[in-house]
There are 2 protein chains.
Amino acid sequence: MTADGQRTGGGQRTGGERDKTVGRDCSIAGALGVVGEKWSLLVLREVLLGERRFDQIARNTGASRDILAARLRGLVERGVLARRQYEQRPPRDEYVPTQAGRELAPILLALMDWGDRHVTEGPPPTRFEHDCGAELEPELACRHCHARVTAGSTRLLRLGSVG
Amino acid sequence: MTADGQRTGGGQRTGGERDKTVGRDCSIAGALGVVGEKWSLLVLREVLLGERRFDQIARNTGASRDILAARLRGLVERGVLARRQYEQRPPRDEYVPTQAGRELAPILLALMDWGDRHVTEGPPPTRFEHDCGAELEPELACRHCHARVTAGSTRLLRLGSVG
DNA sequence: AATAGTCAGTTGGAAAATCCAACTATGCTG
DNA sequence: CAGCATAGTTGGATTTTCCAACTGACTATT
């Protein structure tokens, strides 16, 4: 689990193996290699919500404690979370998001929005308000023209090869 | 695997079990219950890229054929993909994205962007151009004020409970 | 000082998911 | 019919995950 996987590895391969039957060279696969394991994104959700202690994260995600310990270790290794002592008397550590971890927040919000619209029945269980005062309805936009980005509004410039 | 999971189920639970030690009621968990299994998002990537045949998807993702068959079946059941005959003479089916599936494209693009910036070394293996002519650099924006949405620009209005 | 409680994990063994190569099934083509 | 292509399925090995119970460090209580 030597924090490699990147470039060609990554993929969906859970462990930290070496490329064998790789698949397409692709940063989606790379990203999933870092946060795509079971429970990782839910752990990150809790941390971003401010829940930073082991027991709470375990309770709120539903992950079993051994897997949670493994995920936290992995996310710290890969730079998504950092571990910090927040109390000395009983020496206690907490997990906080790194910059890279905070930059996953939009992805979680987009996933939440999709889940609200396509899987959750009834009203959204969790809701956010944006700084502008409106209830958050996120959408992906182009940084340049600020128009919405959808499946049909892009054209492929270059495609990663299939290693 | 009765396409339930939703509301409270979903979670990270891979099979289609019933809530036991659920975790927070949350549409992120719900969404991951639909597309969070290993390989699902890479399969969707291929389908959205236009690769719609079994063998190609297998090759381009690196998933083994049995798992791929299970994923395709699951994604069709859950309404992310649809199966359609594209040829009669040798009767052949292809997998195409549904509307819900196409609406996952922004999430894949956001993941790709994050991967480009935080895990892939070197230049992005895959690049898109937006309709506006600029190379795509996606960001999450508020549908109302069109400002960028980051980890710090939202406030929690309501939080799903921990079932 | 013993006892109990909290927190953050670790352990061992069972269950489930994934991997892999080989095989089947269907229809076409020569 | 033999050979090829596509789309899976099968069986068995390997890897992950689950689960409950346990450890270890420290604090609070009596």
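Remember, predicted model here, so these are calculated numbers, not experimental data. So you know, we letter chains A, B, ... as the sequences are listed, proteins then strands, and number each from 1.
Rounded to a whole Å, the CZ atom of R71(B) is 12 Å from the C1' atom of dC19(C). Atom CD in E51(B) sits about 14 Å away from atom C1' in dT6(D), given to the nearest Å. Summarising the geometry, the separation between CD1 on I67(A) and C1' on dA17(C) is reported as 12 Å, rounded to the nearest angstrom. Look at CD on E37(B): it is 9 Å from P on dA17(C), rounded to the nearest Å. The nearest whole Å value for the distance from the CG atom in L68(B) to the C1' atom in dC20(C) is 14 Å.
Counting heavy atoms from C-beta on, the side chains of V80(A) and V35(A) come closer than 4.5 Å.
In terms of the side chain to side chain contact (heavy atoms under 4.5 Å, CB included) criterion, residue partners of Q99(A) (sequence neighbours excluded) are, by chain and number, R102(A), E103(A). Here R92(B) pairs with nothing under the salt bridge (charged side-chain N to carboxylate O under 4.0 Å, His left out) rule; sequence neighbours left out. Listed by chain and residue number, nothing satisfies the side chain to side chain contact (heavy atoms under 4.5 Å, CB included) test with S161(A) (two or more places apart in sequence, or in another chain). In terms of the salt bridge (charged side-chain N to carboxylate O under 4.0 Å, His left out) criterion, D66(A) has no residue partners (sequence neighbours excluded). Take R127(A) and apply the salt bridge (charged side-chain N to carboxylate O under 4.0 Å, His left out) test, not counting sequence neighbours, and it matches E135(A). Under the side chain to side chain contact (heavy atoms under 4.5 Å, CB included) criterion, D131(A) pairs with S153(B), not counting sequence neighbours. By the salt bridge (charged side-chain N to carboxylate O under 4.0 Å, His left out) test, R84(A) pairs with E94(A), sequence neighbours left out. Applying the side chain to side chain contact (heavy atoms under 4.5 Å, CB included) criterion to A31(B), with sequence neighbours excluded, gives L111(A), W114(A).
Residue pairs satisfying the salt bridge (charged side-chain N to carboxylate O under 4.0 Å, His left out) criterion with at least one member in residues 41-50 of chain B, sequence neighbours excluded, are listed as follows: R24(A)-E46(B).
Using five terminal pairs a side, the axes of the helix from dA1(C)-dT30(D) to dG30(C)-dC1(D) at its two ends make an angle of 0°, given in steps of 10 degrees.
Listed pair W39(B) / dA17(C) fails the phosphate criterion, with no side-chain N or O lying under 4.0 Å from OP1 or OP2. In this structure, K38(B) reaches the dC19(C) phosphate: one of its side-chain N or O atoms is under 4.0 Å from OP1 or OP2.
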N/O contacts under 3.5 Å, protein versus nucleotides 28-30 of chain C?
unit_1, atom_1, unit_2, atom_2, d
dC28(C), OP1, R89(B), O, 2.4
dC28(C), OP1, R89(B), NH1, 3.1
dC28(C), OP1, R89(B), NH2, 3.1

Summarise protein proximity over nucleotides 7-13 of chain C in one line of letters, 5' to 3': B for base, S for sugar-phosphate only, - for none, counting protein heavy atoms closer than 4.0 Å.
SBBBBB-
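Taking OG1 of T126(B) as the reference point, atom CG of D25(A) lies at 7.0 Å (rounded to 0.5 Å).
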